[in-house]
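These notes concern the structure reproduced below.
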Amino acid sequence: MAVSRTIIVAGAGIGGLTAALALAAKGFRVIVLERTERLDEVGAGLQLSPNASRILVELGLQPRLDACAVVPDAVTAINARSGRAIVRMPIGNVAVRNGAPYWVVHRADLQAALAAQVAAHPSIDLRLGCAVEDVAPHANGVTVSAGGGQEPGLALISADGIWSAVRGVAFPKTQPLFSGLIAWRGTIPAEAMPDGERLRGVQLWLGPEAHLVVYPISSGRRINLVAVVNGSWNQRGWSARGEPTEIVARFAHWAGAARALIGTVENWTRWALFAMPDGGVWNQGPIAMLGDASHGMLPFAAQGAGMAIEDAAVLAAGLAASHGEGRGGTAAEVAATLQRYAALRRPRVRRVQQLARQNGVIYHLPGAAAIARDVAMRAIGPDRLLARQSWIYDWRP
């Protein structure tokens, strides 16, 4: 039966498109259902460390991403009050050690690269303007109602984001919680950098109850800024308009270079940061969660996209191992496969979620605690600071 080789993916974001490519590479037919009519620019820049970039390279994405991504030379932590560097970590060494690039890229550029790769694959059917309306598990898998029609499949993969409609069906009692933090995002032309110098790495400005991340995107033509502050505004969405005077005022006591950067941005958008419970939610029968739908996390480990990409690779490998080579499977067998996927992913994802939350606290330390943090970072040094993240970067599916 054709159903035995069909996987349905809900959502055409980073995780959903990567899952489609990974599953198609294992011989599955894939239907991707995306509720929006077109794949618009959404969100901010993102970082892809070797644990994620390796998977994208293996899926054939390197030529497309080399054309738009930037390879940073270092991540520099900077004291927001003084404007002085705390420590400079040569991130290029991580790429050399792992044999895979460390990229910073605009989310829209990554999504466009994935979408182009998907469009070129004969085994993937991407359907825009096609929202999941109903899900019906049965003895041979699942039937998904969408766009006025019904699609049977071996499994349904929910990659429809932190406000997942599919998760609302499978796990109605588990929803993301507001973190009390708001991220403001803006971009400027590279030539508008206040110091007139070309930015080649990632800047991480650490201040009391706020931090700022700055790095080049779009082949270095633009600079991405993300300012994170405490606040109570908690509306859903990625692109609510932000009032420039509000964010400028929040950084009024920072060093002149940081204030100049923030003041250069003309158009700000903001999004409230929500996160799923540690460990995420993973599967219900033939339905599996992936990426933010499962484990949306704070962005302070730069691994939100990376964990979704990892999920895709592990899920595809598991389904291929148990249901490959023309084999179908009962609902119970599919559920067992997805439970194994959950067992493989849950501990690692929980650890990354906890690291991200801990980093957020460290970044925002005030007063004497911030001084102690800076002293400790200098004493540990760049190599050992990077080594503390090797369990993330060195991972392989």
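Positions are given from 1, in the same order as the sequence printed here.
In this structure, Arg5 contributes its side chain and Gly27 its backbone to a donor-acceptor pair below 3.5 Å. Judged by distance alone, with hydrogens and angles left aside, the side-chain atoms of Arg185 form no donor-acceptor pair with the main-chain N or O of Thr269 at under 3.5 Å. No donor-acceptor distance shorter than 3.5 angstrom exists from the side chain of Gln47 to the backbone of Ala302, with no hydrogens or angles considered. Not one N or O on the side chain of Arg54 forms a donor-acceptor pair closer than 3.5 Å with the backbone of Asp394. Judged by distance alone, the side chain of Ser219 and the main-chain N or O of Arg221 form no donor-acceptor pair under 3.5 Å. Between the side chain of Ser390 and the backbone N or O of Leu386 there is no donor-acceptor pair closer than 3.5 Å. Within the 3.5 Å criterion, the main-chain N or O of Ile392 finds a donor-acceptor partner in the side chain of Arg348.
To the nearest 0.5 Å, atoms OG (Ser53) and CG (Leu48) are separated by 7.0 Å.
Checking each of Leu212, Leu225, Val213 against Trp205 for a side-chain contact (heavy atoms from CB on, under 4.5 Å) leaves exactly one that passes, namely Leu212. Checking Ile309, Leu21, Leu17, Leu114 one by one against Leu59, the side-chain contact (heavy atoms from CB on, under 4.5 Å) holds for a single residue, Leu21.
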Side chain to side chain contact (heavy atoms under 4.5 Å, CB included) assessment of Arg346 paired with His295: CA-CA 9 Å; Arg346 186 180 291 111; His295 49 71; over 6 Å; no
Given the rule in the side chain to side chain contact (heavy atoms under 4.5 Å, CB included) test, do Ile124 and Val9 qualify, once you have shown the distances and angles that lead to the verdict? CA-CA 10 Å; Ile124 304 175; Val9 177; over 6 Å; no
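Note on ring orientation: taking the six-membered ring where Trp is involved, the planes of Tyr393 and Tyr102 are perpendicular (angle over 60°, cut-offs 30° and 60°). Aromatic ring orientation, His364 versus Phe300: tilted (interplanar angle from 30° to 60°). Using the six-membered ring where Trp is involved, Trp163 and Phe274 have ring planes that are perpendicular, over 60° apart on the 30 and 60° scheme.
Under a cut-off of 6.0 angstrom, the local environment of CZ in Arg350 is crowded, with over 12 non-hydrogen atoms contributed by other residues, nucleotides or ligands. Residue Arg200 qualifies as open at atom CZ: its count of foreign heavy atoms under 6.0 Å is 12 or below.
For the 3.5 Å distance criterion, the side chains of Thr6 and Arg29 qualify, holding a donor opposite an acceptor.
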